[in-house]
Trainee: 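Structure in structure tokens, see below.
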Amino acid sequence: MNPIDGSDRVRAGEPPTLRAFFALWPSAAIRDELFGWARSCQASSEGRLVRRENLHATLAFLGEIDRGRLRELASLAREVVGESFELVLDRVGYWPHNRIVYAAPASVPAPLSLLATVLALRLAEAGWRTEARAYFAHVTLLRAARRAPADVRVAPLRWRVDDIALVHSTRSSGRLAYRPLERWTLAH
Ligand code: ATP
Ligand code: MG
């Protein structure tokens with residue numbers, strides 16, 4: 001069953017809103033590799049590791065949304081999915097302004113640029129609050145890092161991206177967890 005169907009009925013005790021975002025959701029094998037990268041970076045950058053099971057690449061951040069609009073998001077996602085692609089992550093970087101260490105591709109594949117652009121456009125048209133910043137494909141590896149990673153050499157990681165996910169972000173007892181609510185397959 002489509003997990004989103006019917007979920008727009010707010011159940012007793014369930015909050016009427018949830019924190020959500022669209023993302024590329026890696027396989028366990030890709031996550032393991034990226035977690036290894038994160039540990040290598042931590043030696044020089046310090047900071048906090050993103051939990052292995054939370055590693056992802058955000059496509060579009062939605063923030064707090066009404067549960068009643070989940071189905072609308074699902075149909076929007078169905079409309080925007082295009083071709084599948086390979087994302088080759090081959091470098092790590094550091095943003096001093098938010099103290100994040102991230103993994104990034106040398107170049108963004110055309111189907112990914114298109115997907116991010118069309119998704120942002122459709123979200124804006126449909127009245128969702130969207131990000132004004134330009135899309136930058138990355139996977140956050142460390143938070144509260146003190147400095148850029150030094151002497152970290154990574155072998156290019158080939159991530160075959162076959163779908164996009166709508167992810168629920170939760171925090172309970174201070175622990176952040178991301179859970180894909182539904183995924184939409186990209187065309188081959
Ligand atoms: P927390 O905010 O609780 O410290 P977090 O940033 O990992 O943790 P969320 O805020 O739920 O968790 O964000 C989910 C994902 O969306 C993360 O990848 C985050 O970097 C990204 N994100 C959050 N806010 C924005 C934003 N304003 N623009 C773009 N991406 C965002
Ligand atoms: Mg955040």
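Atoms within a ligand are numbered from 1 in the order they appear, just like the ligands themselves. Sequence positions, counted from 1, serve as the residue numbers for this chain.
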Trainee: Within the 4.5 Å heavy-atom criterion, are I65 and L70 side-chain neighbours or not?
Mentor: yes

Trainee: For atom 20 (O) of ligand 1, what's the nearest protein heavy atom and its distance?
Mentor: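 Protein heavy atom with the smallest distance to atom 20 (O) of ligand 1: R143 NH2, 4.1 Å.
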
Trainee: Any idea which protein heavy atom is nearest atom 27 (N) of ligand 1, and the distance to it?
Mentor: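 Going atom by atom, the protein heavy atom closest to atom 27 (N) of ligand 1 ends up being E131 OE1, 3.3 Å.
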
Trainee: Looking only at protein heavy atoms, identify the closest one to atom 2 (O) of ligand 1 and say how far it is in Å.
Mentor: R19 NH2, 4.2 Å

Trainee: Any idea how H56 and W25 line up, ring-wise: parallel (<30°), tilted (30 to 60°), or perpendicular (>60°)?
Mentor: parallel

Trainee: Once rounded to the nearest 0.5 Å, what's the spacing between atom OG of S27 and atom CD of E33?
Mentor: 9.5 Å

Trainee: Tell me which protein heavy atom sits closest to atom 8 (O) of ligand 1, plus the residue, atom name and distance to 0.1 Å.
Mentor: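 Protein heavy atom with the smallest distance to atom 8 (O) of ligand 1: L176 CD2, 3.3 Å.
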
Trainee: What protein heavy atom is closest to atom 1 (P) of ligand 1, reported as residue, atom name and distance in Å?
Mentor: R171 NH2, 3.6 Å

Trainee: Considering only heavy atoms from C-beta outward, does the side chain of F21 approach that of L166 to under 4.5 Å?
Mentor: no

Trainee: With heavy atoms of R133 as the reference, note each atom of ligand 1 found under 4.0 Å away.
Mentor: 26 (C), 27 (N), 28 (N), 29 (C)

Trainee: Indicate yes or no for a side-chain donor-acceptor contact from R171 to the backbone of G174 under 3.5 Å, with no hydrogens or angles considered.
Mentor: yes

Trainee: Taking the six-membered ring of W159 (Phe, Tyr or Trp), confirm whether the NZ or CZ of R31 is under 6.0 Å from its centre and within 45° of its axis.
Mentor: no

Trainee: Just need the protein heavy atom nearest to atom 21 (C) of ligand 1, so name the residue and atom and give the distance.
Mentor: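 Minimum-distance protein heavy atom for atom 21 (C) of ligand 1 reads T58 OG1, 3.6 Å.
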
Trainee: Give the residue and atom name of whichever protein heavy atom lies nearest to atom 5 (P) of ligand 1, and the separation in Å to one decimal.
Mentor: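 Checked against all protein heavy atoms, atom 5 (P) of ligand 1 sits closest to Y178 OH, 3.2 Å.
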
Trainee: Is it the side chain, the backbone, both or neither of N54 that has a heavy atom closer than 4.0 Å to ligand 1?
Mentor: neither

Trainee: Answer yes or no: is there a side-chain heavy-atom contact under 4.5 Å between L141 and L55?
Mentor: yes

Trainee: Has S84 got a side-chain atom pairing as donor or acceptor with A187's backbone, closer than 3.5 angstrom?
Mentor: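 Side chain of S84 to backbone of A187, a donor-acceptor pair under 3.5 Å: yes, one is there.
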
Trainee: Tell me, which protein residue and heavy-atom name are nearest atom 16 (O) of ligand 1, and how many Å apart are they?
Mentor: F61 CD1, 3.2 Å

Trainee: Under 4.0 angstrom from ligand 1, any heavy atom of T140?
Mentor: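 No, that is not the case, since the closest heavy atom of the residue is not under 4.0 Å from the ligand.
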
